[in-house]
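The block underneath contains the structure these notes are about, expressed in structure tokens.
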Amino acid sequence: MKQNIGTVNSMIRIAGGLTLLAWSIAKMAREQPTGAQLFVSMMGAQKVAEGMTRYCPLTDLLNLDE
């Protein structure tokens, strides 16, 4: 798997993903989890994973290499 996003882009994805994860987990801790909160937490985890591996499947699919 080749890396297809830059360093700055990966740092932004990690920070944004951790923010989404923290928000959704805090929300789920206070009240009954909803489908939307679970979806947001999965998207946050995906963004963290994309940032850590520096690979985005959507960027690869659309041939938008940096």
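Predicted model only: the values in this text are computed from it and were never measured. The basis for the numbers below is simple: all heavy atoms, side chains too, and nothing from hydrogens, waters or symmetry mates.
Considering only residues two or more places apart in sequence or on other chains, Glu31 meets the side-chain hydrogen bond (donor to acceptor under 3.5 Å, both in side chains) condition with Gln37. Looking at residues two or more places apart in sequence or on another chain, you find no salt bridge (charged side-chain N to carboxylate O under 4.0 Å, His left out) involving Arg54.
Here the closest non-hydrogen pair linking Ser41 and Ser24 is CB-OG, 3.1 Å. Closest heavy-atom contact between Tyr55 and Asn4: CA-OD1, 3.3 Å. In plain terms, the two heavy atoms of Leu21 and Ala45 that are nearest each other are CG-N, 3.9 Å.
Under a hydrophobic clustering in which Ile, Leu, Val, Met, Phe, Trp and Tyr are joined whenever their side-chain heavy atoms come within less than 4.5 Å, directly or via other members, Met43 and Ile12 fall into different clusters. Residues Leu20 and Ile14 do not share a hydrophobic cluster, clusters being chains of Ile/Leu/Val/Met/Phe/Trp/Tyr side chains in contact below 4.5 Å. Ile5 and Met52 sit in two unconnected hydrophobic clusters of ILVMFWY residues. Membership requires side-chain heavy atoms under 4.5 Å apart, directly or through other members. Leu18 and Ile25 end up in the same hydrophobic cluster when Ile, Leu, Val, Met, Phe, Trp and Tyr side chains are linked at under 4.5 Å.
Put simply, the side chain of Ser10 does not reach to within 4.5 Å of the side chain of Gln3, judged on heavy atoms. In this structure, Asp60 and Lys2 have side chains that are in contact, with non-hydrogen atoms separated by less than 4.5 Å. Annotation: side chain of Glu50 is in contact with side chain of Gln46 (closest heavy-atom distance under 4.5 Å).
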